[in-house]
Each structure stands twice: as structure tokens, then as C-alpha cells.
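Each remark here refers to the structure printed beneath this line.
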Amino acid sequence: MPELPEVNSFKLYFDKTTLNQKIREVEVQDDKIMRNINGDDFIEKLTGRTFVNSYRRGKYLFGKLDDGNDVLFHFGMTGDIKYYEDDMDQPRHERFAFHFTNGYRLGFDCPRKFARILYLKDLEKYISEIGLGEDALIISENSFLEKLEGRKTSIKGFLLNQKLLAGVGNLYADEICFQTRIHPGSSISALRQKQKKDIYKVMQNILSIAVNRARNYKEEKTEDDFFQWRVKGQKAPKGKGVCKVEKIAGRTTYYFDIYQRLYQSK
DNA sequence: TGTGATGTTGAATG
DNA sequence: GCATTCAACATCAC
């Protein structure tokens with residue numbers, strides 16, 4: 001489900017509901033999403049602990065425990081968190097839940113189990129091991145341009161690569177290409193410096209608007225102006241082309257032909 | 001009923 | 001070694 005803005009809203013939600021609350025009990029229904037720890041060990045490590053801080057980088061959310069260890073929450077495609085009290089509010093595909101001493105719980109919901117939970121003794125080491133790029137909202141223009149340097153892949157492929165830039169997913173990548181009027185399949189080496197700067201500016205603008213709305217993804221989908229144009233066959237602004245659907249960089253990609261110009265290197 | 005979906009990874013390929 | 005592509009993961013909705 002979530003890209004950078006949605007994970008950011010998860011962070012706000014996590015901070016509001018979970019920080020500084022003692023975990024009385026941990027319930028694990030399915031530890032399949034736990035990658036470096038099993039359910040029993042997870043229960044043992046987390047029971048009695050308290051999350052004291054959190055850190056988001058791209059689509060990764062880290063919860064800092066009072067014993068210095070971290071828990072990584074990566075939401076995959078369908079991950080979600082819910083704070084609730086009654087059994088009847090339990091999410092349908094809850095995989096684990098923290099029960100706090102105040103009687104409330106934080107449940108981790110994930111139908112498709114693409115989410116990943118890791119228990120980390122050294123957060124910095126983990127980030128460097130997986131080579132996670134700088135957060136797309138924090139990266140400087142210079143650093144962004146540096147990452148583009150010498151790269152031959154498509155602009156969409158670049159935006160989606162979490163090692164180069166963390167946080168942009170399939171939908172926002174399409175939105176950035178749409179707003180810059182650049183065909184997502186354009187090769188980076190064919191873009192002029194001005195266009196590269198434009199991509200940076202538009203990316204930050206889109207992400208900060210989405211973050212400031214501080215909504216969750218479901219609401220955003222119906223109320224947001226973003227992504228509404230992603231409808232196959234729809235006419236482009238000013239009638240300059242039609243919305244096409246194509247696999248680019250391995251993902252289903254929407255774009256307007258003609259309206260979004262394709263830049264190819266010779 | 002088959003198909004594809006907001007993400008990542010590891011194997012395969014160039 | 002590096003860059004890129006693709007299948008696989010599991011479930012649901014259309």
C-alpha cells in the first residue's frame with residue numbers, strides 16, 4: 001500500500017498511539033513477515049519494552065526501543081497499523097499486536113504478507129548493508145543530480161530504485177513523470193540538466209504536499225488530486241495525447257503519449 | 001475465473 | 001563487477 005507519504009502518516013500515527021507506552025504483552029498470529037526473528041523470540045524481546053522514538057527513511061519505519069534495539073516495520077504493499085481497544089476492531093489480517101498496559105493495542109495488519117519486520121541491534125549497520133538511499137524528501141538537489149550522473153536507466157527505473165533514492169513508489173513515480181511532462185521510459189542520459197532539476201523540484205513538491213495532508217492512503221486515494229489522471233484511454237491535458245498503460249522498469253506505468261515527451265539517447 | 005495490485009529480493013542475464 | 005529484468009512471495013478484488 002504505502003509510499004513515502006503514507007509511511008510518514010504511519011509514523012505520525014505510531015508516534016501518537018504507541019510511543020512511551022509499555023508493552024504488557026505481544027501477540028503473534030503469523031510470524032511469516034518476521035525475517036530475522038521468529039514469533040517466540042519476538043515476543044520475548046518485546047514484552048515489557050517501550051518504544052521511545054521512531055525514524056522514517058523512505059518507506060522504512062524504525063521503532064526505537066528503550067533497550068536501544070530497533071524494530072523495522074516495512075509495510076510492503078498492504079501493510080497497515082491500527083490502534084484499538086475492542087476485539088471487534090481487530091483488523092482482519094492482523095499478524096501481530098502489541099498490547100499496552102492501558103488496555104489498547106497496536107495491531108499490524110497485512111493481507112498479502114509482503115510486509116517485513118526485522119529486529120535490529122544496529123540500525124545504522126542495517127541501513128548501510130541494504131544500501132538504502134537518502135530519503136526523497138531530505139536529499140539535496142546536488143545529491144539528487146549526482147545520483148543521476150552517468151546512469152543509463154529510465155527515469156522511472158531511477159525513481160523506483162530505493163538504493164538511489166528512498167521513498168518513491170510506482171504511483172508517485174508516475175505522478176512525477178506526468179507533472180514534468182517527461183515520458184517515464186525516457187533515458188536519463190538523454191535529459192538536459194534543466195529537466196533533471198525540474199524532476200527534483202516536482203518530486204519534492206508532490207511529496208511534501210502529500211505528506212502535509214497527513215492522511216492515510218485510503219483517504220488519499222479518493223480525495224487526492226494525484227493519480228486521478230491514471231486512467232487508460234483518458235485524454236491528456238489540452239488534448240495532447242491519450243493515457244497509455246505499459247510495463248516500464250518492471251511496473252505497470254501510466255503516461256500520456258505526446259503530452260509526455262520521450263527522450264532517448266542516440 | 002483469471003488477472004493484476006501501492007514493494008522488495010535474489011537469481012538470471014547482458 | 002555492474003546494471004537491469006523477471007519471477008516469486010500471498011491474498012483479495014474486479
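Excluded from the calculations below are hydrogen atoms, water molecules and symmetry mates; all remaining heavy atoms, backbone and side chain alike, are included.
Side-chain rings of A:F144 and A:F158 approach one another, their centers coming within less than 6.0 Å.
At whole-Å resolution of the value, NZ in A:K152 and C1' in B:dG14 are 14 Å apart. In this entry the distance linking CD1 of A:I248 with P of C:dC6 reads 12 Å, nearest Å. Going from atom NZ of A:K247 over to atom P of B:dG7 covers 12 Å, rounded to whole Å. Counting to the nearest Å, the P atom of B:dT8 and the OH atom of A:Y126 are 10 Å from each other. Straight-line distance from the CD1 atom of A:I33 to the P atom of C:dC9: 17 Å, rounded to whole Å. Between the CG atom of A:N161 and the P atom of C:dC2 there is a distance of 14 Å, given to the nearest Å. For the pair A:L160 CG and C:dC6 C1', the computed distance is 15 Å after rounding to whole Å. Computed from coordinates, the A:E129 CD to B:dT8 P distance equals 18 Å when rounded to whole Å.
Comparing B:dT9, B:dG7, C:dC9 by their closest approach to the side chain of A:K32 singles out C:dC9. Distance from the side chain of A:R112 is smallest for C:dT11 among the nucleotides C:dC9, C:dT11, B:dT8. With B:dA5, B:dG7, B:dT8 as the candidates, the nucleotide lying closest to the side chain of A:T252 is B:dA5. Taking the side chain of A:R251 as heavy atoms from C-beta on, and the options B:dT9, B:dG7, C:dT11, the nearest nucleotide is B:dG7. Comparing atom distances between the A:T153 side chain and each of C:dA10, B:dT8, C:dT4 picks out C:dT4 as nearest.
With 3.5 Å as the limit, one finds a donor-acceptor pair spanning the side chains of A:D67 and A:N69. There is a side-chain donor-acceptor pair under 3.5 Å between A:S54 and A:D15. A donor atom on one side chain and an acceptor atom on the other are not found under 3.5 Å apart for A:K152 and A:S187. With no hydrogens or angles considered, a side-chain donor-acceptor pair links A:Y263 and A:Q195 at under 3.5 Å.
At a threshold of 4.0 angstrom between heavy atoms, the contacts of A:R116 are confined to the sugar-phosphate backbone, with no base atom among them. Using a 4.0 Å heavy-atom cutoff across all strands shown, A:G169 reaches sugar-phosphate atoms only and no base atom. Using a 4.0 Å heavy-atom cutoff across all strands shown, A:R92 reaches sugar-phosphate atoms only and no base atom.
The shortest distance between the side-chain N/O atoms of A:K113 and the OP1/OP2 oxygens of C:dC9 is not below 4.0 Å. Distances shown here put a side-chain N or O of A:H93 below 4.0 Å from the OP1 or OP2 atom of C:dC12. When the side-chain nitrogen and oxygen atoms of A:Q162 are compared with OP1 and OP2 of B:dG7, none of them lie within a distance under 4.0 Å. Between A:H74 and B:dG7 there is no side-chain polar atom (N or O) within less than 4.0 angstrom of OP1 or OP2.
For the pair A:F114 and B:dG7, the ring geometry qualifies as stacking, because the centroid separation is below 5.5 Å while the planes lie within an angle under 30°.
Cation-pi geometry between A:R181 and A:Y259 is met: the NZ or CZ atom falls under 6.0 Å from the ring centre, inside 45° of the normal.
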